[in-house]
Amino acid sequence: MIEKISKMDRRIIFVLITIALTVSLIYSVDLPIKISPPVKTMYDTIENIPEGSRILFSFDYGPSTEPEVGGTAEAVLRHLFKRNIKVVAITLWDEGESIGDEVTERIAKEMGKKEEEDWIYLGFKFGGPTGSGVIEPMGTDFHKVFPVTRKKEGKPSKSTNDVPILQDVNNYDAFKAVISFSAGVPGIKEYLQMANSRYKIPVTGACSKVTTPELMPLLNSGQLSGLAAGVIGGAEYEKLMNYKGKAHKFAFAQSVVHIIIIGLIVLGNIMFFLSKKRS
Amino acid sequence: MHISSSLEVWVGAFLTLALLSFLYKDNPIYKLAEHIFVGVSAGYFVALYFYQQIIDDMIKKAFPQWFPWPGSIPAQDLLPLGGGVLGIMILCRLIPKVSGISRWGIALVVGFNAGVQVYSQLSAYVISQIYATMLPLFIAGEPTTMIKNGLIFLGVITALCYFYFSKEHSGWFGGVAQVGIWVLMVTFGAGYGATVMTRISIILGQFQFLLRDWLGVIK
Amino acid sequence: MIQRQIPIFLAFLGGAIMLLDYFIAHPYLAWLRENLTNWARIGFTFALFLGIINLVQVNLKKVARQSAGWGYNAVLLICVMVTMGFGFVQGPTEDGTIYKWMFNNIYRHCTATMFGLLAFFIASAAFRAFRAKNVEATLLLVTAIVVMLGNVPLGDIFVQNILPSAPKWLLPSYLQTKIMEIFVTAGQRAILIAAAIGLVAVSMKILAGIDRSYFGGD
């Protein structure tokens with residue numbers, strides 16, 4: 001019996017996970033969300049940005065990590081627009097090109113914001129594997145890194161010098177903070193490494209849960225001004241914004257699958273100790 | 001249940017299920033989806049990079065008069081063409097007779113990155129992190145903060161001792177390194193938990209697509 | 001001999017300009033650095049094209065030779081050409097194009113599913129391989145369980161159902177926060193410092209011409 005369970009076909013586990021995912025998504029339950037200190041710090045950082053200021057918003061994630069970080073990006077954008085903070089959005093991830101466009105346009109429309117005056121999305125710029133080709137030079141000449149706007153809907157691109165929101169932007173001094181939504185490299189860590197350490201611009205943002213351990217020392221040292229990690233971080237931010245968005249919907253399903261995986265770990269270890277005892 | 005009649009949704013659902021079929025076993029449908037994925041990714045990246053980097057960053061700057069501008073025409077700047085020369089050097093790798101030239105372009109790019117890393121790594125990760133570890137170990141009236149600071153300080157020192165391989169991990173030093181290993185094990189355990197969370201979130205997104213957009217079972 | 005010396009000198013030049021600019025605030029140096037960065041950014045892009053060209057070459061060879069599974073390679077090549085073609089003709093930022101359609105309906109779903117597949121394998125590996133065989137493995141296992149439970153709202157509810165009078169410090173969310181704030185911070189900090197020193201050492205070796213691994217196999 002112990003042998004049978006220990007050597008169970010892994011496809012049974014796959015079916016179990018599939019059923020758990022499906023049932024928990026169909027029969028979703030609202031769970032209480034507790035606000036964690038890093039998310040509160042991030043929220044407060046944005047709350048303390050003076051109205052009318054400008055921030056640099058970086059969509060550093062792709063479609064695969066959109067469920068984790070996308071909800072937070074939308075919640076933060078709503079927060080920024082609600083506080084009349086101007087948003088200059090870019091992306092360092094090639095996969096994030098259309099995501100950034102779709103999200104900024106949709107949220108800006110919802111919040112009644114005017115393109116080129118209240119917000120602009122400048123699109124993707126490749127800065128090398130670590131983003132150093134973009135993050136570093138933005139600190140000296142922003143317009144050299146983004147000389148033209150994105151060509152869109154038949155409208156030709158124009159010089160960024162002709163865009164009202166970018167007119168007096170020369171470097172990071174024009175921004176009150178960098179908010180990066182990152183799922184890997186380049187992302188928050190690279191902004192901290194190059195923008196924060198040299199140009200002293202505050203950096204905050206959200207990340208996928210897998211990169212959270214790497215960012216803990218930077219959060220603890222104060223280099224990172226708050227952090228919303230994963231889906232739950234997004235749900236916490238949504239709670240602070242008083243609405244239930246994308247991130248909230250996954251909280252229950254995530255919880256259920258976690259408990260199943262923990263159950264599998266415990267079962268595996270019980271089988272291990274029992275077979276050890278036998279032999 | 002309201003099954004979608006949209007072609008886009010059916011294409012997405014077919015590819016998702018085709019890739020998920022790998023969980024049962026490797027099969028031709030999975031292989032087909034995998035090759036479609038690789039092909040579309042490669043094509044996507046080439047077109048995007050060509051427009052965003054080559055056209056916007058180089059050609060438009062060097063020859064602005066070739067493009068329509070709704071506002072003022074930017075001043076000509078021929079310097080970005082140097083990047084094109086660098087790029088052509090790198091592409092020389094494809095021609096065996098002149099492949100040596102590709103090393104010039106790669107060397108400049110590698111050197112540039114190495115220079116950036118020296119400063120940024122030292123500043124952001126070494127100096128700042130060492131500074132952040134220099135925590136007060138005795139604070140009157142705050143025992144919990146004292147314990148927390150002490151644990152962080154000891155944790156960093158012991159884990160760094162583990163990474164010091166110039167001295168044999170034996171005796172008292174071995175003991176310290178052993179504590180460092182325990183600290184690292186806790187770190188990796190947290191990393192594992194975090195990885196599980198990320199992967200589940202990703203697949204949840206796809207399952208939501210299948211159940212909501214394709215089958216219409218959830219709203 | 002000179003063939004090897006020129007790239008070593010260029011690597012040193014590139015790195016030296018970047019490094020000097022951090023310490024010497026001179027407009028000419030800043031101008032040099034800005035343009036070098038721009039060139040490097042464009043150079044990286046060509047390096048990417050090199051990879052794609054290699055991909056096409058490898059697959060073309062397989063189709064030409066009709067090796068096993070060449071049909072899949074042909075599909076790959078068709079997809080590359082079609083996506084690239086539409087991207088060049090229609091532009092990558094325009095909405096409603098076939099290029100965008102292929103990204104939204106093929107790439108997005110494929111990349112998410114490929115990454116998500118790992119969730120199943122993690123679950124299977126957790127059952128089969130995650131064993132508390134020694135102190136280190138037990139520490140890893142227990143921490144993983146606490147972090148997984150503590151990160152989701154159901155974790156606290158689960159513990160409170162088993163132990164209704166559980167104190168705050170026994171709740172997974174509290175334990176998880178403390179583990180992250182103290183032990184993960186300490187461990188990751190050590191890893192960060194050690195890795196950063198290692199990377200700086202490698203970068204210095206590249207600048208000094210000692211490390212020539214970027215030459216490739218030639």
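In what follows, chains carry the letters A, B, and so on, assigned in the order in which the sequence lines appear, proteins first and then strands, with residues in each chain numbered from 1. This is a predicted model, so every value here is computed, not measured. In what follows, every heavy atom counts, from backbone to side chain, and hydrogens, waters and symmetry copies are set aside.
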Kindly indicate whether the side chain of C/Glu136, heavy atoms from C-beta on, has any atom under 4.5 Å from the side chain of B/Ile181.
yes
Side chain / backbone / both / neither for B/Ala132 at chain C, heavy atoms under 4.5 Å
both
Flag the pair B/Ile54 / C/Phe49 as yes when at least one side-chain heavy-atom distance between them is below 4.5 Å, and no otherwise.
yes
Find the one option among C/Gly71, C/Gly69, C/Gly43 whose heavy-atom pairs under 4.5 Å with chain B are most numerous.
C/Gly43
From C/Phe183 CZ over to B/Ile152 CD1, what is the distance, rounded to the nearest 0.5 angstrom?
9.5 Å
Per-residue tally against chain B (heavy atom, under 4.5 Å) across C/Met84, C/Gln188, C/His109, C/Met180 peaks at C/His109
Between chain C and each of B/Val183, B/Thr133, B/Ile106, count heavy-atom pairs under 4.5 Å; write down the option with the most.
B/Thr133
Residue part contacting chain C, namely of B/Ile36, when any heavy atom lies under 4.5 Å
both
Where does B/Phe22 contact chain C at under 4.5 Å (heavy atoms): side chain, backbone, both or neither?
side chain
Side-chain touch C/Phe44/B/Leu86, heavy atoms, less than 4.5 angstrom:
no
Kindly say whether B/Val85 contributes a backbone atom to a donor-acceptor pair with the side chain of C/Trp39 at under 3.5 angstrom?
no
Option that, when pairs with chain C are counted at under 4.5 Å, heavy atom only, ranks first among B/Gly155, B/Gly12, B/Gly180
B/Gly12
What part of B/Leu108 gets closer than 4.5 Å to chain C, counting heavy atoms only: side chain, backbone, both or neither?
both
Nearest atoms (heavy-atom pairs only) where C/Thr143 meets B/Ala190:
CG2-N, 3.7 Å
Could you look at B/Thr198 and say if it's the side chain, the backbone, both or neither that has a heavy atom under 4.5 Å from chain C?
neither
Over all atoms of both residues, closest heavy-atom pair of C/Gly116 and B/Ile202:
N-CG2, 3.6 Å
Proximity breakdown for B/Gln206 and chain C, heavy-atom pairs closer than 4.5 Å
side chain
Considering only heavy atoms from C-beta outward, does the side chain of B/Leu19 approach that of C/Cys110 to under 4.5 Å?
yes
Taken to the nearest 0.5 Å, the spacing of B/Gln121 CD from C/Ile193 CD1 works out to 12.0 Å
Output the option from C/Thr111, C/Ile197, C/Val82 having the highest count of non-hydrogen pairs under 4.5 Å with chain B.
C/Thr111
Non-hydrogen atoms of chain C under 4.5 Å away: do they reach the side chain of B/Phe50, the backbone, both or neither?
both
Can you name the nearest heavy-atom pair linking C/Gly87 to B/Ala47, along with the distance?
CA-CB, 3.7 Å
Contact leader toward chain B among C/Leu19, C/Leu139, C/Ile182, C/Val184, where contacts are heavy-atom pairs under 4.5 Å
C/Ile182
Using heavy-atom distances under 4.5 Å, tell me whether B/Leu48 contacts chain C through its side chain, its backbone, both, or neither.
both
Just say parallel, tilted or perpendicular for the rings of B/Tyr119 and C/Phe23, cut-offs at 30° and 60°.
perpendicular
Heavy atoms of B/Ala194 and C/Val147 approach each other most closely as N-CG1, 4.4 Å
Counting only non-hydrogen atoms closer than 4.5 Å, does B/Tyr164 touch chain C with its backbone (N, CA, C, O), its side chain (CB onward), both, or neither?
neither
Examine whether an atom of B/Tyr192 lies under 4.5 Å from a heavy atom of chain C, and if so say whether it belongs to the side chain, the backbone or both; otherwise answer neither.
side chain
Taking atom CE of B/Met58 and atom CD1 of C/Ile42, what is their separation to the nearest 0.5 Å?
5.5 Å
Could you tell me if the side chain of C/Pro92 sits less than 4.5 Å from the side chain of B/Tyr44, heavy atoms only?
no
Picking from B/Ser201, B/Ala18, B/Cys161, B/Pro80, which has the most non-hydrogen pairs under 4.5 angstrom with chain C?
B/Pro80
Side chain / backbone / both / neither for B/Leu91 at chain C, heavy atoms under 4.5 Å
both
Pairwise distance CG(B/Leu94) to CG(C/Leu50) - rounded to 0.5 angstrom
5.0 Å
Note: vs chain C, highest number of non-hydrogen pairs under 4.5 angstrom among B/Ser123, B/Ala114, B/Ala124, B/Ala13 is B/Ala114
Heavy-atom pairs under 4.5 Å with chain C - which of B/Val126, B/Ile127, B/Ile130, B/Val109 has more of them than the others?
B/Val109
Find the one option among C/Met102, C/Arg33, C/Met114 whose heavy-atom pairs under 4.5 Å with chain B are most numerous.
C/Met114
In terms of heavy-atom pairs under 4.5 Å with chain C, which of B/Ile88, B/Leu20, B/Val9 leads?
B/Leu20
Non-hydrogen atoms of C/Asn105 and B/Val11 that approach each other most closely:
O-CG1, 3.8 Å
Counting only non-hydrogen atoms closer than 4.5 Å, does B/Phe14 touch chain C with its backbone (N, CA, C, O), its side chain (CB onward), both, or neither?
neither
Check whether C/Ile122 gets within reach of chain B through its side chain, its backbone, both or neither, counting any heavy atom under 4.5 Å.
both
For C/Phe88, I'd like to know if atom CZ has over 12 heavy atoms of other residues, nucleotides or ligands within 6.0 Å.
yes
Could you tell me if the side chain of C/Ile191 sits less than 4.5 Å from the side chain of B/Leu184, heavy atoms only?
yes
Measure across B/Gln117 and C/Leu199 and return the closest heavy-atom pair with its distance rounded to 0.1 Å.
OE1-CD2, 3.3 Å
For the atom pair CH2 (B/Trp104) and CG (C/Leu10), what is the distance rounded to the nearest 0.5 Å?
7.5 Å
Distance in Å, C/Phe121 CZ paired with B/Arg199 CZ, rounded so as to fall on 0.5 Å steps
12.0 Å
